[in-house]
Protein chains: 2
Amino acid sequence: MNAAAVAGGQVGPSLDLVFQALADPSRRAIVERLARGPASVSELAQPLEMALPSVLQHLQLLEASGLVRSAKTGRVRTCRINSTALDQAERWISRRRSAMERAFDRLGDFLKE
Amino acid sequence: MNAAAVAGGQVGPSLDLVFQALADPSRRAIVERLARGPASVSELAQPLEMALPSVLQHLQLLEASGLVRSAKTGRVRTCRINSTALDQAERWISRRRSAMERAFDRLGDFLKE
DNA sequence: CCTATAGTTAGGTAAATACCTAACTATAGG
DNA sequence: CCTATAGTTAGGTATTTACCTAACTATAGG
């Protein structure tokens with residue numbers, strides 16, 4: 001790995017984990033659901049065709065990535081989305097887009113020379 | 001998995017692969033490099049501390065995801081970034097943000113009730 | 001107190017990932 | 001033609017992932 005060394009980026013709470021979390025369709029489904037509002041673990045599990053423990057595992061990954069926060073009250077754990085992590089991913093992408101545009105401009109200048 | 005069934009999204013060329021590709025720091029480094037302009041395989045490999053075949057493997061993944069295109073002329077393979085795949089990822093995220101804003105508005109309405 | 005509900009833990013399997021070395025192919029250029 | 005360069009293929013290993021079942025804990029509510 002050695003990400004920071006290689007990819008001169010600001011370190012922060014791991015883009016790796018955010019993108020990794022978003023790479024799975026079930027986890028994206030969870031994020032999509034939570035984007036409409038908070039939900040309990042079993043509400044999140046219901047549309048997913050898999051056993052509860054598997055859902056839990058996905059949730060753990062989502063929490064580790066920072067995309068999701070949760071808190072337990074009584075016997076119910078309520079999960080919410082955390083926009084900060086999503087922002088991070090979006091900003092990484094949009095920085096790439098800027099770099100591409102700059103490259104494109106340089107190409108234009110070159111052709112005009 | 002069963003992504004589409006579960007996550008009502010439009011299908012298109014796999015968001016799974018795009019996010020998966022972006023989840024690795026070496027691959028992001030490659031994308032960052034290519035965002036500044038095209039490069040050969042060995043140019044891409046140079047800053048990464050790993051053997052060439054490993055770089056190749058990352059490149060294959062990047063091509064499979066649609067993030068990178070490449071073509072060989074002579075003995076040199078030139079790689080370029082493909083903005084479409086990046087757009088897809090960005091749009092998925094921004095759709096989530098919209099959903100979050102709508103949810104937030106509904107909450108406001110509710111509090112006003 | 002008792003039972004159903006909500007979530008959690010333990011532990012196991014199959015497949016995918018991220019690397020590596022060694023050996024090979026193809027082309028540029030003297 | 002020969003050699004150095006650019007990339008590729010084959011094949012192997014350690015780790016991580018995405019699931020599962022079975023068994024457990026904790027709390028709501030009658």
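Predicted model, so just to flag it, every value in this text is computed and none were measured. Computed from heavy atoms alone, side chains included, the values below leave out hydrogens, waters and symmetry copies. Residue numbering restarts at 1 for every chain, and letters A, B, ... go by the order of the sequence lines.
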What nucleotide, of [options], holds the atom closest to the side chain of [X]?
{"X": "Arg75(A)", "options": "dT8(C), dA28(D), dA28(C)", "answer": "dA28(D)"}
{"X": "His58(B)", "options": "dC20(C), dA18(C), dT9(C)", "answer": "dA18(C)"}
{"X": "Pro53(A)", "options": "dA6(D), dC20(D), dG7(C)", "answer": "dC20(D)"}
{"X": "Ala51(A)", "options": "dC20(D), dT21(C), dA6(D)", "answer": "dC20(D)"}
{"X": "Lys72(A)", "options": "dT8(D), dG7(C), dT5(D)", "answer": "dG7(C)"}

Measure from [atom1] on [X] to [atom2] on [N] and round the result to the nearest Å.
{"X": "Gln46(A)", "N": "dA6(C)", "atom1": "CD", "atom2": "C1'", "answer": "15 Å"}
{"X": "Leu52(B)", "N": "dA10(D)", "atom1": "CG", "atom2": "P", "answer": "17 Å"}
{"X": "Leu56(A)", "N": "dT17(D)", "atom1": "CG", "atom2": "P", "answer": "17 Å"}

Exercise for review: Check every strand shown and say whether Ser42(A) touches a base, only sugar-phosphate, or nothing at a heavy-atom separation below 4.0 Å.
Suggested key: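 Touches sugar-phosphate only.
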Practice item. Give Leu61(A) one of three labels, base, sugar-phosphate or nothing, depending on what nucleic acid heavy atoms sit under 4.0 Å from its own. Key: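 Sugar-phosphate contact only.
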Check your understanding: Just to confirm, is there a sub-4.0 Å distance from OP1 or OP2 of dC20(C) to any side-chain nitrogen or oxygen of Ser54(B)?
Key ->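 Checking Ser54(B) against dC20(C): at least one side-chain N or O falls below 4.0 Å of OP1 or OP2.
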**Study point:** Watson-Crick or G-U wobble partner of dA16(C), both distances under 3.5 Å
**Key:**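 The answer is dT15(D), by the H-bond criterion.
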Review point. Who does dG30(C) pair with, Watson-Crick or G-U, both distances under 3.5 Å?
Key: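 Matched dG30(C) with dC1(D) under the 3.5 Å cut-off.
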Review point. Would you say Arg96(B)'s side chain and Arg28(A)'s backbone share a donor-acceptor pair under 3.5 angstrom?
Key: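 The answer is no, because no donor-acceptor pair under 3.5 Å joins these two groups.
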Practice item. Mark yes or no for whether Arg106(A), through its side chain, and Arg36(B), through its backbone, hold a donor-acceptor pair below 3.5 Å. Key: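 Yes; judged by distance alone, with no hydrogens or angles, the pair exists.
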Point to revise | Residues, nucleotides or ligands: over 12 heavy atoms within 6.0 Å of Arg69(B) CZ | key: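 At most 12 heavy atoms, drawn from other residues, nucleotides or ligands, come within 6.0 Å of this atom.
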Exercise for review: Mind checking the CG-OG1 spacing from Leu44(A) to Thr78(A)? Nearest 0.5 Å is all I need.
Suggested key: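 Reported to 0.5 Å precision, the distance equals 9.5 Å.
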Review point. 5'-most contact on DNA chain C: Gln20(A) or Val41(A), nearest heavy atom basis?
Key: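 The residue whose closest nucleotide sits nearer the 5' end is Val41(A).
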Check your understanding: If each of Gln57(A) and Ser40(B) is mapped to the nucleotide of DNA chain D with the nearest heavy atom, which maps nearer the 5' terminus, i.e. the 5' end?
Key ->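 Its nearest nucleotide lies further toward 5', so the answer is Ser40(B).
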